[in-house]
Amino acid sequence: MGETTKRPQAGKLYIVGTPIGNLGDLTPRAAAAFEAADAICCEDTRVTSKLLAHLGISKPLVRCDENVIAGRAPQLVERTLAGEVLAFASDAGMPGVSDPGQVLVDAAREAGVPVEVIPGPTACITALVATGIPCEHFFFEGFLPRKHGERVRRLRRLASIPGALLFYESPHRAEDSLVAIAEVFPEREAALCRELTKLHEEVLRAPASELLELVRERGEMRGEMVLVVAPPSEAELERHEAALAAGGAVDLDANPDDLLTADIAEALAAGEPANAIAKRLSQRYSRKKRDVYNLVLTVQAESE
């Protein structure tokens, strides 16, 4: 009777959450997963090698950033099917959240490879809690588009979501994103969080238009950032629902100031007093009553 060749037992893929700044947040399970791995896949070998040096662990590293991971995922899955244990770590935080780790997880699960997630810090949740902005419901967007017009259109599509909005941003693009946020949500509370869990952690919070001015005054700021925008007011949601009911769709390219001006003109034509218009529309558009009142006077003067 001939010898039977046994298929090697399948290995495993660890998805390892790592600190977003403070090395004290590295969990014992994360260290154990790195120790158990035959090789560690990572976005940047320099970043992960420093983390492993801190742990006193030496393992082969495989670069798997967004430029190469799609091509390398099949080979990595084959290695786990042959019995190897691999770990994946992003530069910071939970892999798979706005980073290339999702590609590897998808390929592994499709091939039937066991995937074990080692939880760790997440910048978006840490920021949301730190701001104090209501977080019963929230929507994580990741990175906004690079071009201003595309950013504004995307934000308008998110305007009716009944929860806080979370965005990742780099230091050199934070001001540009705040310009778009202030344009679409001028009176909503917003926050910029940077250097989370580090010595110089900072959370700046104010109405979006004021936060933009504050950031401009501060000038260059370092560190990866999270932007948080407060949920819409009830008036905002009612306005959105009313627009849907009236026309079946919301004009995502419409300028909020143009809509406000049109509503003011309609109210003036109907004989509504200026103060009553300002009170009603400031609530509907989440604007300061004083600013709306001044706009009412301007529209009134232009129509005379």
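No experiment lies behind these values; they were computed from the predicted model shown. When a residue number appears, it is its place in the shown sequence, counting from 1.
- Considering all non-hydrogen atoms of both residues, Leu23 and Pro19 come closest at CA-CG, 4.0 Å.
- Going from atom CG of Leu128 over to atom OG1 of Thr122 covers 11.5 Å, rounded to the nearest 0.5 Å.
- Note that the CE atom of Met225 and the NE2 atom of His172 stand 10.5 Å from one another [nearest 0.5 Å].
- Checked against side-chain hydrogen bond (donor to acceptor under 3.5 Å, both in side chains), Glu266 has no partners two or more places apart in sequence or in another chain.
- The salt bridge (charged side-chain N to carboxylate O under 4.0 Å, His left out) check on Asp65 picks up Arg63, with sequence neighbours excluded.
- Without hydrogens or angle criteria, Thr80 side chain to Leu13 main chain gives no donor-acceptor distance under 3.5 Å.
- A centroid separation of 6.0 Å or more is found between the aromatic rings of Phe167 and Phe140.
- Atom-to-atom distance recorded for Cys41:SG and Leu76:CG is 4.5 Å, nearest 0.5 angstrom.
- The cluster map of Ile, Leu, Val, Met, Phe, Trp and Tyr, joined by side-chain heavy atoms under 4.5 Å apart, puts Leu212 and Met221 in the same cluster.
- Between Glu183 and His148, the side chains place a donor N or O and an acceptor N or O closer than 3.5 Å (distance only, hydrogens not considered).
- No continuous path of ILVMFWY side-chain contacts below 4.5 Å connects Leu52 to Ile20, so the two sit in separate hydrophobic clusters.
- A salt bridge is absent between Arg194 and Glu224: the closest approach of a Lys/Arg side-chain nitrogen to an acidic carboxylate oxygen does not fall below 4.0 angstrom.
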